[in-house]
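We're numbering straight along the sequence, starting at 1.
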Amino acid sequence: MITVQNTIKASIDKVWDFWTIPEHIKKWNIAIDEWYTQDVKNDLRVNGKFQYKMAKRDGSLSFDFEGIYTNIESLSLIEYKLDDDRTGQVRFEKIADEVKITETFEPTKQDSEKMQEEWCQTVIDNFKKYVEHI
């Protein structure tokens, strides 16, 4: 399993909303500058489906990152299963006037674990910047 985390200076409600509402996800869900999140569908409920359409900025490639939610505890926990059967979870922990986000997920076998950890940490770092500046 790979684990990444960050602490966000914002209310738990704002952090949860910005993590789960498609219009916000599109703005922070970026791991590499050449890529962006073109479209987001997010049915945030147990057995609800999520789909992030990722695309290269030059239009040469795209793919769907998708799965279903297996457990939702509002303002606290999101667990999911990806289409390739890997699992993951995101924990939201309120600490004073901040929220600690911890994401843990099964890595793919195609890419190095170090690279996947760096990508995911970049996404979480982008999320922090986005939330704290809006």
When every non-hydrogen atom of E73 is compared with those of W16, the smallest separation belongs to O-CH2, 3.7 Å
Taking only residues two or more places apart in sequence, or in another chain, which ones meet [X] in a side-chain contact (heavy atoms from CB on, under 4.5 Å)?
X    : value
E106 : M1, R86, T87
T122 : N126
A10  : I8, K14, V15, V131
K26  : T37, V40

Is the distance between the ring centroids of Y130 and W19 under 6.0 Å?
no
Are any non-hydrogen side-chain atoms of [X] and [Y] less than 4.5 angstrom apart?
X    : Y    : answer
V46  : T70  : no
K53  : S62  : yes
I30  : V123 : no
T108 : Q116 : yes
R57  : E34  : no
W35  : F63  : yes

Starting at [atom1] of [X], measure out to [atom2] of [Y] and round the result to the nearest 0.5 Å.
X    : Y    : atom1 : atom2 : result
K56  : Q38  : NZ    : CD    : 14.0 Å
E103 : Q121 : CD    : CD    : 10.0 Å
D83  : I68  : CG    : CD1   : 8.5 Å

So Y52 and F65, would you call those rings parallel, tilted or perpendicular, with 30° and 60° as cut-offs?
tilted
E66: partners by salt bridge (charged side-chain N to carboxylate O under 4.0 Å, His left out), with sequence neighbours left out:
K49
Pairing residues for D125 by the salt bridge (charged side-chain N to carboxylate O under 4.0 Å, His left out) criterion, not counting sequence neighbours:
none
Shared ILVMFWY cluster between [X] and [Y], side chains joined below 4.5 angstrom?
X    : Y    : result
I32  : F127 : yes
I12  : I134 : yes
M54  : V4   : yes
M115 : I124 : yes

Just to verify, what does [X] make a side chain to side chain donor-acceptor pair (under 3.5 Å) with, not counting sequence neighbours?
X   : answer
T20 : none
D43 : R45
S11 : none
S60 : D58

Is the backbone N or O of F18 less than 3.5 Å from a side-chain atom of W28, with the two atoms forming a donor-acceptor pair by type?
yes
Salt bridge flag under 4.0 Å for residues E23 and K27
no
For atom CG of D111, decide whether the heavy atoms of other residues, nucleotides or ligands shown that lie under 6.0 angstrom number more than 12.
yes
So for atom NZ, which belongs to K81, do other residues, nucleotides or ligands contribute more than 12 heavy atoms lying within a distance under 6.0 Å?
no
N/O donor-acceptor pairs under 3.5 Å from side chains in residues 90-101, not counting sequence neighbours:
from : atom 1 : to  : atom 2 : distance (Å)
R91  : NE     : Q89 : OE1    : 2.9
K94  : NZ     : A96 : O      : 2.7

Residues in ring-ring contact (aromatic ring centres under 6.0 Å, His included) contact with Y69, at least two apart in sequence or another chain
F50
Decide yes or no on side chain to side chain contact (heavy atoms under 4.5 Å, CB included) for I2 and T104, but give the supporting numbers first.
CA-CA 5 Å; I2 293 174; T104 304; over 6 Å; no
Give me the one residue out of D64, N42, D39 that meets side chain to side chain donor-acceptor pair (under 3.5 Å) with Q51.
D64
